[in-house]
Amino acid sequence: MNRFALAGAKTIAEAATAASATVATAMTTPPERMGYADLSVVKAGGIDLLDLLKEGLLAPSKLVNLRDVPGLDAVAEEADGLRVGPMVTLASLAAHPLLQERYPALVDAVAGSASPQIRNVATLGGNLLQRPRCWYFRSHAFHCLRKGGGHCFAIQGENQYHAIFNNMPCAIVHPSTTATALVALGATVELKNAAGVTRRLMLEDFFVPLERDLQRENDLAPQEILTAIRLPNLPPGARMAHIKQGEKDSFDWPLADVAVLLDLDPGGNCTRASVFLGAAAPVPHRARAAEAVLTGRRIDEGVAVQAARAALQGATPLSKNGYKLLLFETLVHRAVLKAIV
Amino acid sequence: MFSPTSAMTVETQHPGDDAPANPPLVTIELHVNSAVWTLCVEPRMTLAEALRGPLQLTGTKIACNRGACSACTVWLDGVPICSCMMLATDVGTRSVTTIEGLASGEKLHPVQQAFIDHDALQCGFCAPGMIMSCAALLERSPQPSADDVRAAISGHYCRCGTYPHVIAATLDAAKMRRA
Amino acid sequence: MATNNSIRTETFPSGIASVGLDTVERQIPADEPPPLAPNGELSVIGKSFPRPNGRAKVTGAVRFTVDIKLPGMLHTRVLRSPWPHAVVRTIDTLAAANHPGVRAILTIADPAKPQTATLHYIGEPIAAVAADSIAAAEEALHLIRVEYQALPFVADIDKARDPAAPLVHDDTTAPAGHPSGFPAAAGLPLNGNVRGPAISRRGNVSRGFAEADAIVEAEYSTHVQTHCCLEPHAIVADWRPDGLTVYMSTQFTAGVRDEIAAAFGLPLNRVRVIVDAMGGGFGSKSQLGNYGRFAIELSRQAKAPVQLFLEREEEQMDAGNRPGTWQRLRIGAKHDGSLTAISLVSYGTAGVGLGAGVGNNAEALYSCPNFEGAQHDVFINAGPGCAMRGPGNTPGAFGLEQTIDELAEKLGTDPLRLRDRIDPCPVRREERRIGAERIGWHRRHAPGANSGPVKRGLGMAQSLWGANVQTNAACEVRIMRDGSVEVLSSVQDIGTGIATVLAQTVAEVLGLRPDEITVRIGDTEFPPGGPSYGSRTTASTTPPARTAAWRVQQQLLREAALMLNASVNELIAVEGKILVGSDRSRFLTFRDAAARLRTDRIAAVASRSDDYGGFRRRAGEDAALAQQDLGGVQFAEISVDTEIGIIRVERVVAVQDCGRPMNPRQIESQVQGGVLMGISYALLEERIIDQATGRMVNPNLEQYKLVGPRETPEIDVIVLENYQGRSATDAYGIAEPANIATAPAVANAVYNALGVRLRSLPMTPAAVLAAVGKVPQRS
């Protein structure tokens with residue numbers, strides 16, 4: 001790790017003003033400026049940040065600590081849903097009675113991520129803003145496209161854990177299983193900048209696809225703070241499931257994860273479907289064709305099979321990740337059926 | 001060893017730290033095992049490094065240094081965390097409990113005793129962290145199932161393969177504690 | 001009991017306890033203790049006493065090498081090659097030397113010494129810096145300027161076998177092998193990157209195959225596994241004018257001392273090697289290693305203690321690994337199952353090092369008159385391999401045991417029945433019987449018989465491992481006048497529990513409790529102990545411990561005999577007393593007897609005598625191979641979800657033998673550990689090298705995946721009591737045999753579930769889904 005200062009912010013405005021860079025912009029700062037530029041990044045739980053710092057992937061001069069900014073670690077009930085502060089830890093989120101009651105599938109996703117130790121420190125905000133786990137991206141030795149280099153090493157290299165959709169010219173997958181569940185729920189995020197301007201957008205739109213920018217996964221700007229994640233109230237007929245499949249059940253990243261939200265009318269027909277695939281693409285991947293299959297139908301085994309097949313439409317697997325097609329097909333199938341149980 | 005009963009100041013400045021671009025050292029208080037330590041540290045020092053270095057509490061181990069093996073597990077306000085993935089300067093007033101602070105004087109915590117009785121350690125390098133996780137589990141869940149224990153230690157690696165004995169020891173410790 | 005001057009004849013228990021014990025007569029040295037009764041008649045040995053340092057381990061008080069801090073101690077970081085193959089053209093350490101925190105710099109790849117200037121793998125050391133802090137050492141590394149000339153490289157075993165491939169070594173840089181054959185034989189030819197073959201032959205395989213009624217042939221490949229000791233490789237070297245003290249996380253204190261003395265021109269009595277607690281080795285901490293030399297040299301130069309420990313990335317790239325292998329097996333048999341011929345061809349890679357053979361399973365596990373083996377090492381530009389838990393035989397068993405199952409199927413017989421026919425070992429026969437009953441082998445269905453997506457399977461496999469003995473091993477036992485007792489040896493406890501077993505051994509002789517024995521080990525100031533590799537620690541160390549205890553007891557009994565007005569032969573030691581056997585009312589407490597000693601302390605030192613009845617063969621000057629092998633049969637029950645490709649090992653029954661079991665619970669720990677490392681090897685672990693750059697992409701504990709608690713099946717451990725009357729304790733090792741059979745047992749179970757064989761490790765979801773034909777071929 002390089003040397004840096006740690007500054008505790010007391011207000012959102014103070015933190016936003018101090019945050020001269022996002023982690024993404026800090027990582028593409030030319031190396032000669034590293035450690036000497038006025039490069040301040042925000043620290044929430046610090047798990048992903050420390051991982052990057054220890055690998056020497058960024059060298060900020062200052063960390064702006066959100067720990068003592070009041071009000072960021074609360075879960076509050078609002079008229080149209082729940083407002084979750086970005087500093088709520090994954091552990092307290094998974095244990096929160098309101099979430100357990102209203103969004104059990106989200107709780108599955110949160111509780112199934114990382115390890116107990118990490119969940120006790122990692123925050124929801126940090127989880128959504130974490131950088132990808134691609135081993136080329138995470139290694140100091142590979143100056144890859146996403147870090148400002150000229151080349152994606154994964155596409156011709158070791159890509160068994162990489163994207164099967166939208167994987168050119170960079171094959172990262174978004175690492176957050178919580179994000180998969182949240183976008184399926186229709187969550188929104190709230191951002192505040194140093195000028196005091198607040199932006200609200202769908203979480204789905206907050207994530208940045210390759211065609212917009214290769215070097216960041218989300219739309220957070222320098223001098224901007226993620227201040228809230230809002231979960232909408234679900235209609236009474238809403239059914240949801242999230243399934244994560246890792247290579248192992250002990251601490252591991254997903255090979256694939258799937259979130260399915262179905263609104264069922266009183267007759268049992270699906271009036272609206274959200275199907276998202278995690279660890280499939282550089283952003284949580286919306287399986288529109290699967291949603292189309294499900295919408296307007298009474299959900300049964302046959303429909304689930306069709307939807308699962310449709311979910312893989314447009315996939316472009318790489319040399320070593322073709323197995324993920326079947327994996328996702330199975331998970332979509334199982335998640336649809338799990339949702340209606 | 002320092003006496004853990006009195007506050008103290010430990011300098012950890014390195015030669016070369018006085019280069020102008022270097023951020024200043026900061027003085028922090030760490031509440032560890034019911035004692036208060038005053039330290040002068042670089043902001044980049046992790047809690048694990050602070051414990052093992054200036055505090056000489058070497059029972060906490062660093063094995064992967066990335067939060068992937070949980071060998072460095074300590075309690076922060078009673079909750080297990082990876083001390084290698086937390087900056088010492090970020091601990092604040094929260095209290096830290098390490099393996100050295102788990103026993104009550106000479107009397108071992110039931111999980112510690114059960115680890116001995118069940119041979120739930122071989123080389124013993126993962127044992128301090130593993131014990132902290134299992135003891136924390138019993139604090140919040142006095143009658144855990146085997147799956148609860150697996151979940152509690154699901155972030156731990158033991159290369160010697162003690163998991164079966166760790167699970168048996170923890171379930172047994174829960175019984176001893178209730179008895 | 002018959003005696004002459006130097007030997008006497010004794011009658012020992014013999015056989016497998018669960019089958020029924022017999023006796024065997026052995027001639028033994030006259031100064032060795034009488035035969036030890038079977039465990040059932042003993043009070044301490046064979047019982048599950050806890051570890052003497054358990055309390056220190058659970059309270060964090062125990063000191064590992066990484067915990068040691070000496071006054072004025074310096075810290076070291078190593079500059080490592082970023083290139084898989086390159087020549088160091090220039091190296092400039094001046095700026096680093098001028099860093100205010102730097103105390104010494106060692107240039108390892110030095111253009112001034114051309115034989116050191118070529119780098120052969122990413123992670124190979126170039127220079128080492130000792131400084132006041134790790135941070136200062138790291139900063140200094142960044143100040144070292146190196147100019148490289150990159151050379152063509154090859155990091156894949158198949159590509160390296162191509163005669164047109166870039167050459168990793170030439171005759172001057174290729175490692176030479178060893179006369180002992182371990183890790184590889186000396187004097188073999190080098191063609192391109194291929195060294196060998198090492199040929200082993202008996203009978204005539206052509207004739208054997210011609211006589212066969214059935215022939216099976218298949219190819220298997222295994223990947224590179226890394227040791228992943230949780231404590232990294234670590235050393236603190238303290239060079240002083242009057243001698244060198246080294247604290248090291250090592251599997252062999254005495255061996256490291258010898259290496260240091262030879263490398264640095266020091267007399268043995270000026271080198272002391274100490275290890276208290278040791279955080280895992282699994283073969284990778286058997287030698288001094290390059291890092292050990294660096295730390296010592298830096299300490300000599302800096303005139304200060306120097307600590308060096310590896311970061312996890314360095315562990316993964318330059319601390320050894322289990323070599324990857326490819327093997328083709330061909331086995332012929334008659335209709336009745338008797339084998340007519342086995343042929344084996346193997347190519348393995350230990351990176352830039354040697355020792356990638358597949359062991360002696362194919363040659364020695366089954367009766368077969370005709371055998372031919374040709375094993376090759378292939379060099380690639382990757383970190384050197386080294387011994388890892390059951391080296392050779394672990395990858396070898398993955399191939400052989402699947403091929404034997406395949407043969408059974410072709411012959412239309414049960415895999416157990418075929419092995420009963422071709423395996424001459426009575427111990428494994430009993431192990432198969434017990435294991436089959438415990439796992440419920442009768443439930444085994446035809447391959448691929450389940451109809452749903454989740455398919456279940458049962459499989460088994462066997463292991464073969466030599467019973468190694470270090471003859472250069474000794475123990476001292478001391479009795480103090482206050483009745484306290486200690487046992488001393490330089491042997492180290494790497495987690496297997498030798499300290500417990502030594503305390504039990506001495507306590508049994510003296511009629512004391514194990515917790516009354518102080519165990520002082522892990523220090524070359526004590527009599528030399530053997531290495532903790534080759535599963536030989538217990539076999540090498542407990543016999544001299546018992547002999548030394550018996551000899552020192554004879555001195556004590558002479559005092560006691562005078563007091564009790566009895567002869568020494570009449571006295572027995574039990575429950576802290578010395579009794580007259582014929583009249584138990586006449587006794588002294590052990591403490592009272594000790595109080596009569598003329599001096600403050602009496603002692604005896606004993607060394608490991610040859611096995612009674614002799615060894616099968618010597619293995620160098622310091623070691624030998626016992627007459628009998630170590631066996632072990634494992635059964636696995638698994639399920640495969642064929643829609644996601646995940647294999648779950650649900651249950652393992654491991655039936656093992658280690659001569660006399662000394663401490664059942666510790667043995668159970670060892671076996672569980674071996675099984676779990678085997679499951680991890682079978683399903684998860686793999687060193688993955690990016691072929692474009694030669695760099696390992698998962699040099700961590702996150703993407704290099706190990707089994708965790710949720711992948712841990714129910715593991716039944718059954719250990720036979722197998723008495724042969726071979727030494728003062730008749731105890732042998734367990735750690736390696738417990739690891740060898742697991743992966744093939746799982747693989748055979750996977751075949752039973754799927755009806756398709758997975759012949760390549762690891763058996764990942766991608767591999768499973770490819771095998772069941774649901775995705776394109778895994779590339």
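All heavy atoms count here, side chains included; hydrogens, waters and symmetry mates do not. Proteins come first, then strands; the chains are lettered A, B, ... in the order of their sequence lines, and each starts at number 1.
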Sort [X] into side chain, backbone, both or neither according to what part of it lies under 4.5 angstrom from a heavy atom of chain B.
{"X": "Ser669(C)", "answer": "both"}
{"X": "Ile494(C)", "answer": "backbone"}
{"X": "Val102(C)", "answer": "neither"}
{"X": "Thr500(C)", "answer": "neither"}
{"X": "Phe49(C)", "answer": "neither"}
{"X": "Glu714(C)", "answer": "neither"}

Per-residue contact mode, [X] against chain C (heavy atom under 4.5 angstrom):
{"X": "Arg66(B)", "result": "neither"}
{"X": "His109(B)", "result": "neither"}
{"X": "Ala151(B)", "result": "both"}
{"X": "Glu49(B)", "result": "neither"}
{"X": "Asp117(B)", "result": "backbone"}

Taking only Lys NZ, Arg NE, NH1 and NH2, and the carboxylate oxygens of Asp or Glu, determine whether [X] and [Y] approach each other closer than 4.0 Å.
{"X": "Arg77(C)", "Y": "Glu139(C)", "result": "no"}
{"X": "Glu685(C)", "Y": "Arg159(B)", "result": "yes"}
{"X": "Glu42(B)", "Y": "Arg44(B)", "result": "yes"}

If you measure only the distance, is there a donor-acceptor pair under 3.5 Å linking the side chains of [X] and [Y]?
{"X": "Asn663(C)", "Y": "Gln504(C)", "result": "yes"}
{"X": "Ser249(C)", "Y": "Lys285(C)", "result": "yes"}
{"X": "Gln634(C)", "Y": "Gln656(C)", "result": "yes"}

Chain C: which of [options] shares the most heavy-atom pairs with it under 4.5 Å?
{"options": "Lys61(B), Glu100(B), His165(B)", "answer": "His165(B)"}
{"options": "Ala63(B), Ala68(B), Gly59(B)", "answer": "Ala63(B)"}
{"options": "Ile62(B), Thr162(B), Leu102(B), Leu121(B)", "answer": "Leu121(B)"}
{"options": "Gly155(B), Ser154(B), Cys69(B)", "answer": "Ser154(B)"}

So which of [options] has the biggest tally of heavy-atom pairs under 4.5 Å with chain B?
{"options": "Gly54(C), Pro709(C), Gly673(C), Pro713(C)", "result": "Pro709(C)"}
{"options": "Glu702(C), Glu313(C), Arg312(C)", "result": "Arg312(C)"}
{"options": "Leu676(C), Asn53(C), Asp67(C)", "result": "Asp67(C)"}
{"options": "Glu315(C), Glu711(C), Arg665(C)", "result": "Arg665(C)"}
{"options": "Gln670(C), Glu311(C), Gln672(C)", "result": "Gln672(C)"}
{"options": "Gly497(C), Gly674(C), Gly708(C), Gly281(C)", "result": "Gly708(C)"}

(message) Let me confirm one number: the CG-CD1 distance from Leu143(C) to Ile105(C), rounded to the nearest 0.5 Å.
(response)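 Between Leu143(C) CG and Ile105(C) CD1, I get 8.5 Å after rounding to 0.5 Å.
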(message) Suppose a student defines contact as a heavy atom less than 4.5 Å from any heavy atom of chain C. Which residues in residues 72-94 of chain B would they list?
(response) none
(request) Please list, in residue-number order, every residue in residues 128-136 of chain B that has a heavy atom less than 4.5 Å from any heavy atom of chain C; write 'none' if there are none. (result)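 Near chain C, by residue number: Pro128(B), Ile131(B).
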Under the 3.5 angstrom rule, does the side chain of [X] hit a backbone N or O of [Y] as a donor-acceptor pair?
{"X": "Gln251(C)", "Y": "Ser532(C)", "answer": "yes"}
{"X": "Gln122(B)", "Y": "Cys160(B)", "answer": "yes"}
{"X": "His118(B)", "Y": "Ala120(B)", "answer": "no"}
{"X": "Ser141(B)", "Y": "Leu137(B)", "answer": "no"}
{"X": "Gln112(B)", "Y": "Val58(C)", "answer": "yes"}
{"X": "His233(C)", "Y": "Ser284(C)", "answer": "yes"}
{"X": "Glu736(C)", "Y": "Gly390(C)", "answer": "yes"}

(request) Go through the steps to decide whether Thr98(B) and Asn33(B) satisfy the test side-chain hydrogen bond (donor to acceptor under 3.5 Å, both in side chains), and finish with yes or no. (result) CA-CA 7 Å; Thr98(B) 72; Asn33(B) 301 339; 2.8 Å; yes
(request) Could you pull out the closest heavy-atom pair between Met278(C) and Asp493(C), with the gap in Å? (result) CB-O, 3.8 Å
(message) If I compare all heavy atoms of Met45(B) with all of Pro54(B), which pair ends up nearest, and what's the gap?
(response) CE-CD, 4.2 Å
(request) Answer whether the closest heavy-atom distance between the side chains of Glu231(C) and Cys123(B) falls below 4.5 Å. (result) no
(request) Kindly indicate whether a cation-pi arrangement holds for Arg150(B) with Tyr163(B), taking the cut-offs as under 6.0 Å to the six-membered ring centre and within 45° of the axis. (result)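 Because its charged atom misses either the 6.0 Å distance or the 45° angle limit, Arg150(B) does not stack over Tyr163(B).
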(request) Inspect the surroundings of NZ in Lys69(C) and state if more than 12 heavy atoms from other residues, nucleotides or ligands are less than 6.0 Å away. (result) yes
